[in-house]
Amino acid sequence: MRNYFYIKRMNISILIGAIVILAGCGDPILDIEESNAYHWQKNMNETEFEKLKEGMSYMEVVKIAGGAGDKVEKDQYRWNDEILMTKTYIVRFKDDKVVDKEVTEIKGHKK
């Protein structure tokens, strides 16, 4: 009977330890975005866009940009310009590697 309570107490300790460890494992993209001083820094700017090279992984691009891109299509992501908000940066991936990138101008609203 005494061994049963010891084992039960040990199982509870292991369960609590596992919960603490899993709670500490966060989302790496969220960690990157929260490390920015300002919310708009999760967007991309021209300097960051120029740093992108073919063969980079999505996570490498996220680290350079300071945040996740908006998924436009399968394997294609968009980051808005963080300074002027007049451009978007489109990055295409294949097998989680950059294969193409382009800058597009944002058109104003017509009245």
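Values below: all heavy atoms of this structure, side chains included; hydrogens, waters and symmetry mates excluded. The chain is numbered in sequence order, starting from 1. Small disclaimer: the values here were computed from a predicted structure and weren't measured.
- Residue Y89 holds its OH atom at 6.5 Å from CG of N45, rounded to the nearest 0.5 Å.
- A donor-acceptor pair is defined here as one N or O able to donate and one able to accept, closer than 3.5 Å; no such pair exists between the side chain of W79 and the backbone of F49.
- Legend: residues meeting ring pair (Phe, Tyr, Trp, His ring centres under 6.0 Å) with Y77, ordered by chain and number and at least two apart, are Y58, F93.
- Under the rule for a side-chain contact (heavy atoms from CB on, under 4.5 Å), the partners of I32 that lie at least two apart in sequence or sit in another chain are M59, V62, K63.
- Take T104 and apply the side chain to side chain donor-acceptor pair (under 3.5 Å) test, not counting sequence neighbours, and it matches T88.
- Listed by chain and number, the residues in a side chain to side chain donor-acceptor pair (under 3.5 Å) with E102 are R92 (sequence neighbours excluded).
- Each of V103 and V72 belongs to its own hydrophobic cluster when Ile, Leu, Val, Met, Phe, Trp and Tyr are linked at side-chain heavy-atom distances under 4.5 angstrom.
- Taking CD1 of I90 as the start and NZ of K101 as the end, the distance is 13.0 Å to the nearest 0.5 Å.
- Contact record, E82 with N43: OE1-O, 3.0 Å, taken as the closest heavy-atom pair.
- Annotation: salt bridge (charged side-chain N to carboxylate O under 4.0 Å, His left out) contacts of D95 (sequence neighbours excluded): none.
- The salt bridge (charged side-chain N to carboxylate O under 4.0 Å, His left out) analysis of residues 67-78, with sequence neighbours excluded, yields the pairs D70-R78.
- Across all their heavy atoms, I64 and L52 have their closest contact at CD1-CD2, 4.0 Å.
- In this structure K87 satisfies the side chain to side chain donor-acceptor pair (under 3.5 Å) test together with E46, sequence neighbours excluded.
- For residues 48-61, no residue pair satisfies the salt bridge (charged side-chain N to carboxylate O under 4.0 Å, His left out) rule, not counting sequence neighbours.
- Under the side chain to side chain donor-acceptor pair (under 3.5 Å) criterion, E34 pairs with no residue, sequence neighbours left out.
- Contact record, M44 with A65: CE-CB, 3.7 Å, taken as the closest heavy-atom pair.
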